[in-house]
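In each ligand, atom 1 is the first atom listed, and ligand 1 is the first ligand listed.
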Amino acid sequence: VVILITGGASGLGESITRKLAADPANTVHFTYHRSAEAAEEITSAFPNTKAWQVDFGDAAGIAQFISSIPGMDPDVLVNNALTGYVQNHFHKLEPAVFVSSFATNVMPAVQITQAVIRLFRKKKSGRIITILTSYLVNTPPIGLSEYVANKAYLLSLSKSWAVENAAFKITSNCVSPSIMLTGLTGDMDDRLKELAVQSHPLRQLLPTEEVAGSVHFLVHASSHINGINLIINAAENVI
Ligand SMILES: NC(=O)c1ccc[n+]([C@@H]2O[C@H](COP(=O)([O-])OP(=O)(O)OC[C@H]3O[C@@H](n4cnc5c(N)ncnc54)[C@H](OP(=O)(O)O)[C@@H]3O)[C@@H](O)[C@H]2O)c1
């Protein structure tokens, strides 16, 4: 199986890359932005991986990367990369923040998924897996409105991808994890981390490896599992 994962050298993406690359029958292409060193460690540990440097803030770089996708001929796409978020109350966010976040977090996933679906339809097979957030179903945290809204947009797209391409044996599913310790949450202060652990039903935050296991499941799942959003939140705050 040939897999393409965005943001696959660090954070959750690194766990997914390593999990999928552990199977020598797979070839894993992954993008990275700043984590050049980590990308090199992965490619030397796993000869069945290839790293591509892409900045989702650079339109020309994205276009160039997309032109390489037919050569990779992927069977699976994992939309994982996130360029970050500005944490603030909705009413305090500059309108430009919404536009730039949409441009760097949603549009690259749109463009890469379009390129991949065109290939998948020719092959009459394919798997699209998009990483969202459990905040979509739980009470959204204060200060993350644009982040959660962009994830809701991707959830909606993922369902359309599923419906439009089911007859081509292409599936599109999402994985929505609760908080994990990665670069994204690294600068959270220790008090907030401790609060997150205490309010977690298992008194332990979700390890990235667990989420990688779910992605692995969806890579190999049948075409009957399509259009779902797998929420991994240990029943925290179920509504
Ligand atoms: N951490 C959590 O609590 C949590 C919870 C729910 C969902 N998620 C989701 O999980 C996914 C992975 O996030 P994470 O927690 O692993 O965060 P992270 O450690 O910040 O990783 C983000 C990934 O995106 C890549 N990236 C950042 N800026 C980029 C740019 N300008 N162009 C291209 N790629 C860029 C990074 O690559 P480099 O390192 O190479 O720069 C990195 O691999 C995201 O979709 C996030 O929304 C995270």
Side-chain angles (χ1 to χ4, degrees), residues 4-19 28-43 49 51-66 77-87 100-109 111-113 129-138 140-141 143-144 146-155 157-158 174-188 192-193 195-197 199-200 204-212 214-215 229-234 236-237:
L4 167 58
I5 163 162
T6 62
S10 64
L12 171 60
E14 177 178 3
S15 292
I16 298 172
T17 300
R18 287 180 179 274
K19 172 84 184 168
V28 184
H29 295 269
F30 64 93
T31 73
Y32 67 97
H33 177 222
R34 289 205 176 88
S35 298
E37 216 171 289
E40 214 174 294
E41 269 171 36
I42 294 169
T43 51
T49 59
W52 301 77
Q53 191 183 21
V54 190
D55 176 5
F56 280 11
D58 170 25
I62 295 171
Q64 201 191 342
F65 174 68
I66 287 173
L77 168 67
V78 184
N79 287 312
N80 166 76
L82 183 86
T83 62
Y85 46 58
V86 181
Q87 211 162 348
S100 69
S101 179
F102 193 85
T104 59
N105 287 306
V106 178
M107 286 314 296
Q111 290 167 272
I112 293 168
T113 306
I129 300 157
T130 303
I131 308 297
L132 304 176
T133 167
S134 66
Y135 294 152
L136 284 168
V137 292
N138 296 157
L144 287 182
E146 70 80 20
Y147 169 71
V148 179
N150 277 348
K151 294 293 192 185
Y153 193 97
L154 287 171
L155 173 62
L157 285 181
S158 175
C174 298
V175 175
S176 285
S178 63
I179 189 165
M180 300 168 284
L181 293 179
T182 64
L184 189 65
T185 45
D187 57 1
M188 213 167 111
L192 285 178
K193 270 183 211 159
L195 267 178
V197 171
S199 64
H200 193 281
Q204 175 206 337
L205 297 186
L206 175 62
T208 55
E209 291 78 11
E210 291 257 354
V211 182
S214 296
V215 171
N229 178 20
L230 181 57
I231 295 146
I232 310 179
N233 68 351
E236 184 177 19
N237 206 1

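For atom 13 (O) of ligand 1, the nearest protein heavy atom (residue, atom name, distance) is Leu184 CD2, 4.4 Å. Ranking protein heavy atoms by distance to atom 1 (N) of ligand 1, first place goes to Thr182 OG1, 3.1 Å. Looking at atom 34 (N) of ligand 1, its nearest protein heavy atom turns out to be His33 CB, 3.7 Å. Protein heavy atom in closest approach to atom 26 (N) of ligand 1: Leu82 O, 3.6 Å. When only non-hydrogen protein atoms are considered, atom 31 (N) of ligand 1 lies nearest to Asp55 OD1, 2.9 Å. Protein heavy atom closest to atom 44 (C) of ligand 1, with residue, atom name and distance, is Asn80 O, 3.1 Å. With respect to atom 21 (O) of ligand 1, the closest heavy atom belonging to the protein is Ser10 OG, 4.2 Å. Protein heavy atom at the shortest distance from atom 4 (C) of ligand 1 is Met180 CE, 3.4 Å.
Rounded to the nearest 0.5 angstrom, Gln53 CD and Ser35 OG are separated by 10.0 Å. In this structure, CD1 on Ile179 lies 9.0 Å from OG on Ser134, to the nearest 0.5 angstrom. Atom CD of Glu41 sits about 7.0 Å away from atom CZ of Arg18, to the nearest 0.5 Å.
A donor-acceptor distance shorter than 3.5 angstrom exists from the side chain of Asn80 to the backbone of Thr6, with no hydrogens or angles considered. Judged by distance alone, with hydrogens and angles left aside, the side-chain atoms of Thr17 form a donor-acceptor pair with the main-chain N or O of Gly8 at under 3.5 Å. Using a distance-only test at 3.5 Å, with no hydrogens or angles considered, a donor-acceptor pair links the side chain of Thr185 to the main chain of Met180.
Of the N or O atoms in Ile179, none lie within a sub-3.5 Å distance of an N or O in ligand 1. Some N or O of Gly7 is nearer than 3.5 Å to an N or O of ligand 1, by distance alone. For ligand 1, none of its N or O atoms has an N or O atom of Gly8 under 3.5 Å away.
The two residues Val211 and Pro177 come nearest to each other via the heavy atoms CG2-CB, 3.8 Å. For Ser101 against Glu146, the heavy-atom pair with the smallest separation is OG-OE1, 2.7 Å.
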Residue pair Thr130, Asn79: steps toward the side-chain hydrogen bond (donor to acceptor under 3.5 Å, both in side chains) verdict: CA-CA 5 Å; Thr130 303; Asn79 287 312; 3.3 Å; yes

Test log, rule side-chain contact (heavy atoms from CB on, under 4.5 Å), inputs Lys19 and Glu209: CA-CA 8 Å; Lys19 172 84 184 168; Glu209 291 78 11; over 6 Å; no

Met188 vs Leu195, side-chain contact (heavy atoms from CB on, under 4.5 Å): CA-CA, chis, key distance, verdict: CA-CA 11 Å; Met188 213 167 111; Leu195 267 178; over 6 Å; no

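Proximity of Asn105 to Leu154: side-chain heavy atoms (C-beta onward) are nowhere separated by under 4.5 Å.
With ligand atoms numbered from 1 in the order given, ligand 1 contributes 40 (O) to contacts under 4.0 Å with heavy atoms of Tyr32. Within ligand 1, counting atoms from 1 as listed, the ones closer than 4.0 Å to a heavy atom of Ala81 are 24 (O), 34 (N). Per-residue contacts place Gly11 under 4.0 angstrom from the following atoms of ligand 1 (heavy atoms of the residue considered): 16 (O), 19 (O). Short contacts between ligand 1 and Gly183, defined as distances under 4.0 Å to a heavy atom of the residue, involve ligand atoms 19 (O). Within ligand 1, the atoms closer than 4.0 Å to a non-hydrogen atom of Val54 are 32 (N), 33 (C), numbered from 1 in the order shown.
Contacts between Leu132 and ligand 1 below 4.0 angstrom, taking non-hydrogen atoms only, involve the backbone exclusively. Contacts with ligand 1 closer than 4.0 Å are made by side-chain heavy atoms of Tyr147 only, the backbone lying farther away. By the criterion of a heavy-atom distance under 4.0 Å, the side chain of Lys151, and not its backbone, is placed next to ligand 1. Only the backbone of Ser178 comes within contact range of ligand 1, with a heavy atom under 4.0 Å; no side-chain atom does. Neither the backbone nor the side chain of Thr31 has a heavy atom within less than 4.0 Å of ligand 1.
Ring geometry for Tyr85 versus Tyr147: interplanar angle over 60°, hence perpendicular rather than tilted (30 to 60°).
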